[in-house]
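This report refers to the structure that appears directly beneath it.
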Amino acid sequence: MALGCLQRLQVWLFKALVGLLFAVFRLLSPSSGVSGRKLPPITDPLLALSATQLAKKIRRREVSSVEVVQAYIDRIQEVNPLLNAVIKDRFSAALQEAAQVDKLIEEETGGEEVLEDRLPLLGVPLSVKESFSLQGMPNATGLISRRGFVSTVDAPPVALLKRAGAIPLGVTNTSELCMWCESNNHLHGITRNPYDLDRIPGGSSGGEGSILGGAGAVIGIGADIGGSIRMPCFFCGVFGHKTTPGIVSNENQYPPYSGRQEEYVSTGPMCRYAEDLLPMLKIMAGPKVNMLSLNTKVDLKKLRFFTIPHDGGSMMTYPVNKDLMQIQKQVVQRLEADLGVKVQEVHFPELKYGFQIWTTYMGLPDDKGKPPQPFAELMGEPGRPVWPLWELLKRFLGKSEHTAAAIGLGLLEMSPLSKPSASVIQLKEKLQKEMEELLGTDGVLLYPSHPRVAPKHHHPLFRPFDFAYTGVINILGLPVTQCPLGLNDEGLPLGVQVVAGKLQDHLTLAMALYLEKTFGGWRDPGAN
Ligand SMILES: *[C@@H]1O[C@H](CO)[C@@H](O)[C@H](O)[C@H]1NC(C)=O
Ligand SMILES: CC(=O)N[C@H]1CO[C@H](CO)[C@@H](O)[C@@H]1O
């Protein structure tokens, strides 16, 4: 399956043509009106505290929940006109709930420890991705035909976070039906990156990434089937964890998962401060928390470390950008210098087929032979399935309700590219075995999050397969934490994925704390 010389030339020519097409597309696209503007810096010190610290201060009555919730409401009102991240708020309900929290703390006689134990996030604001049910909030996932659909219950991890005392302030934008890396749809509009409004925040949990990066939220919740937590966290400079699948419930998300997708999708925490990842995951895991070793103290010096600099030259993805190669090398150097460990560079030829592996497995039927629900069917909900070619034609005339990305996915679904292939299944099985052997229960792997930093709006349409860097980890079913690593010369977030063996989530969460300490974690996009 190696590439010949002629094929390489063809790939190069194709990529050059695509680059030219995008340049023309940009010239023809209208400017957004916020182009060139910058987010204001944060001025309220409450916005610079982790949820863990906020909860502690609230319990100790050093600050009230109403003050904290109000600080976040003010920040959302300041930045959301620029970001379009929060698409429906519940500010007045949240303030009432905060007032109740303050009253409860006033009356609590059991002391701080009782509250910490029972309600670890008491009084802390929470942001929720719209595709998760949150009672009274939209249940549309960016589909015009679902306008007016309202959630009647809370999705289980949302309910658990609420039960731990967190107060949701609203829901945030996603890509249409959560199946694209740009959070844009014709119901709630386009969401922008807090570090550069002309760029994407990623997707599908892009509203979460954007509002977290923009300091309008401190903790949030996302789901990830191909990078939907990790891409937005990477592009927006925050932390996110794709949990080992099967731990956190995926119930009551729209669209629901079908076929074998439940094996590859994971719900997990997204946040600005690494120390919030672990307590959030403990809460969100519910009864399955005991399958993980979240109380085990991790000694990084005793782990085995590996790094993979790129996917080995896939035909589908673009090469990893120099800044990202460099920062991953710096992580390696720091690990070796700080911990006295050896970080071994490894290569897996199968990674080149990350995209093919992802599409093949996403299309497989479930145990009972039932195939996943076709995307064109979901696009037509609650009516009949759409016909992607017809939608494409309508799109050119500006008459389709659907985004180009969703139509593209509908078309891809009809093409031979997305038919499960036996040779790809073999490749994946081999990769799975090798990767599990390598990582064991004490191995940690660094892998680029994406080939480049946050792209300009719509550019992913011209480079649709770069998500293979995150997608392949879903199919392997491994836990992975996205960690920010400071900003590049243009002020855009850098980062890396940290992967571990199944159920070894505590290892990558410990790495997130280390990398935050070493590389500075989240940066205020409004600073300097
Ligand atoms: C969201 O809508 C879908 C159907 O369109 C429905 O099955 C689901 O129950 C709704 N979710 C909630 C929480 O109301
Ligand atoms: C800029 C933009 O399109 N904002 C929209 C975000 O979503 C809400 C809810 O659907 C709309 O009311 C806004 O117009």
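Just follow the structure's listing: the first ligand is 1, and inside any ligand the first atom is 1.
Across all non-hydrogen atoms, the minimal contact from Ser127 to Ala217 is CB-CB, 3.8 Å. Here the closest non-hydrogen pair linking Glu413 and Ser418 is O-OG, 3.2 Å. Contact detail for Ser228 and Lys129: the closest heavy-atom pair is CB-NZ, 4.2 Å.
Classification of Glu182 and Arg199 as a salt-bridged pair fails, no side-chain N sitting under 4.0 Å from a carboxylate O. Comment: Asp154 engages Lys162 in a salt bridge, judged by a side-chain N to carboxylate O separation of less than 4.0 angstrom.
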Filter the ligand 1-protein atom pairs down to N or O on both sides and distance under 3.5 Å, then list them.
| from | atom 1 | to | atom 2 | distance (Å) |
| --- | --- | --- | --- | --- |
| ligand 1 | 2 (O) | Asn139 | ND2 | 2.5 |
| ligand 1 | 2 (O) | Arg146 | NH2 | 2.9 |
| ligand 1 | 5 (O) | Arg146 | NH1 | 2.6 |
| ligand 1 | 5 (O) | Arg146 | NH2 | 3.1 |
| ligand 1 | 11 (N) | Asn139 | ND2 | 2.9 |
| ligand 1 | 14 (O) | Thr152 | N | 3.1 |
| ligand 1 | 14 (O) | Thr152 | OG1 | 3.1 |

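Arg146 forms a cation-pi arrangement with Tyr254, by the criterion of a distance under 6.0 Å to the ring centre and an angle within 45° of the ring axis.
Without hydrogens or angle criteria, Thr191 side chain to Asn84 main chain gives a donor-acceptor distance under 3.5 Å.
For ligand 2, the 4.0 Å heavy-atom shell takes in Asn84, Ile87, Leu187, His188, Gly189, ordered by chain and residue number.
Using a 30° and 60° split on the angle between ring planes, Phe467 and Phe355 fall in the perpendicular class, above 60°. The aromatic rings of Phe234 and His450 lie tilted to each other, with the angle between the two planes from 30° to 60°.
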